[in-house]
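Report on the structure given below.
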Amino acid sequence: MSRVTLTVGPRSYTVNCADGEEDHIARLAAMIDEKYALLGTARTPQESQNIFFAALFLADELAEARRTTNRSSQNVEHEKERANGKTEAMQTEIETLTRSQARARDEIAGLKAELAKMREASRHQHDLFGDAGGEDEIAETLEKLASRAEKIAKQIEAPA
């Protein structure tokens, strides 16, 4: 146990406190002395009343601090509730967007497959005769046919 001598107003007080608490107790006494000084010329002849009024000042500050703390705590709780509501709404929206994204990916994959089929089909377009890429062959055959027709026409026209 330690002993500390504190001064409040014109008087000194000796108090016992736990070891290591001396500075804390001295700070508390300084707060009381500060409030005591606020009494100024309104001090009464009885020192105990002056200390009582200083304690009232401190109690008033403490009550105001508690009211402020309670209001702050209520505000914090209200904001937490609002944030939780927003969080739930955001999670729902994220889930909805994730499902939409999955559907869009599936649709894109389907469209890509359909496009690939269309491209493949366009590569295999057939000419009027149903042969894919045989245009040179047809032209050659037509040339031969035309040559034969000319020969036959000449033979027909030639005097016998």
Side-chain angles (χ1 to χ4, degrees), residues 1-140:
M1 252 331 182
S2 293
R3 291 179 67 97
V4 180
T5 301
L6 310 167
T7 303
V8 176
R11 296 199 55 200
S12 294
Y13 302 90
T14 302
V15 295
N16 293 332
C17 66
D19 290 335
E21 291 293 314
E22 299 86 0
D23 288 339
H24 177 67
I25 298 296
R27 284 192 300 274
L28 294 175
M31 289 171 60
I32 296 169
D33 189 50
E34 180 184 320
K35 297 305 173 189
Y36 183 92
L38 290 176
L39 293 172
T41 59
R43 290 189 191 128
T44 67
Q46 292 184 350
E47 204 54 39
S48 61
Q49 273 189 312
N50 293 329
I51 298 272
F52 173 74
F53 287 124
L56 280 177
F57 286 145
L58 287 171
D60 182 50
E61 283 184 12
L62 176 61
E64 181 59 32
R66 285 180 176 168
R67 280 191 297 274
T68 300
T69 301
N70 286 339
R71 280 192 302 262
S72 295
S73 294
Q74 289 170 353
N75 288 341
V76 166
E77 288 303 315
H78 177 70
E79 289 302 317
K80 277 183 182 178
E81 288 173 11
R82 285 183 55 205
N84 284 339
K86 287 180 181 179
T87 300
E88 289 172 7
M90 289 174 136
Q91 286 174 335
T92 301
E93 188 171 346
I94 287 170
E95 289 170 5
T96 300
L97 291 172
T98 301
R99 286 191 298 272
S100 295
Q101 183 182 30
R103 283 192 303 269
R105 283 186 178 147
D106 290 345
E107 188 174 343
I108 288 170
L111 290 171
K112 283 182 177 180
E114 190 177 327
L115 179 61
K117 284 180 186 177
M118 292 172 80
R119 284 182 177 157
E120 185 64 25
S122 72
R123 284 190 203 121
H124 298 292
Q125 289 293 319
H126 301 298
D127 62 15
L128 293 175
F129 300 103
D131 188 15
E135 296 163 355
D136 292 336
E137 222 175 278
I138 292 172
E140 196 175 309

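Nothing here was measured: the structure is a model prediction, and the numbers come from that model.
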Inter-residue atom distance R27.CZ - I32.CD1, 0.5 Å rounding: 13.5 Å
Heavy-atom closest contact (R3 atom, N16 atom, distance): CG-OD1, 3.0 Å
SB check E64 R71 (cutoff 4.0 Å): yes
Spacing of R11 atom CZ and Y36 atom OH [to the nearest 0.5 Å]: 9.5 Å
Heavy-atom neighbours of R105 CZ exceed 12 at 6.0 Å: no
CD on Q101 to CD1 on I108, rounded to 0.5 Å: 9.5 Å
Separation between CD of E95 and OG1 of T92, rounded to the nearest 0.5 Å: 5.5 Å
C17 vs M1 side-chain heavy atoms within contact, under 4.5 Å: no
Pair E77 + K80: basic N to acidic O under 4.0 Å: yes
L115 side, atom CG; R119 side, atom CZ - distance, nearest 0.5 Å: 4.0 Å
Polar contact flag, side-chain donor to acceptor under 3.5 angstrom, S100-R103: yes
Check against side-chain contact (heavy atoms from CB on, under 4.5 Å), Y13 and I51: CA-CA 12 Å; Y13 302 90; I51 298 272; 3.7 Å; yes
Side chains of S12 and T5, donor plus acceptor under 3.5 Å: no
Inter-residue atom distance S2.OG - E21.CD, 0.5 Å rounding: 9.5 Å
D33 side chain to G9 backbone, donor-acceptor under 3.5 Å: yes
E79, CD: over 12 other non-hydrogen atoms inside 6.0 angstrom: yes
Heavy-atom closest contact (A29 atom, V8 atom, distance): O-CG2, 4.0 Å
Note, L56 side chain near L58 side chain (heavy atom, < 4.5 Å): no
Lys/Arg N to Asp/Glu carboxylate O, K117 vs E114, below 4.0 Å: no
Test side-chain contact (heavy atoms from CB on, under 4.5 Å) applied to V4 and T14, step by step: CA-CA 6 Å; V4 180; T14 302; over 6 Å; no
Residues T98, T96; criterion side-chain contact (heavy atoms from CB on, under 4.5 Å); working and verdict: CA-CA 5 Å; T98 301; T96 300; over 6 Å; no
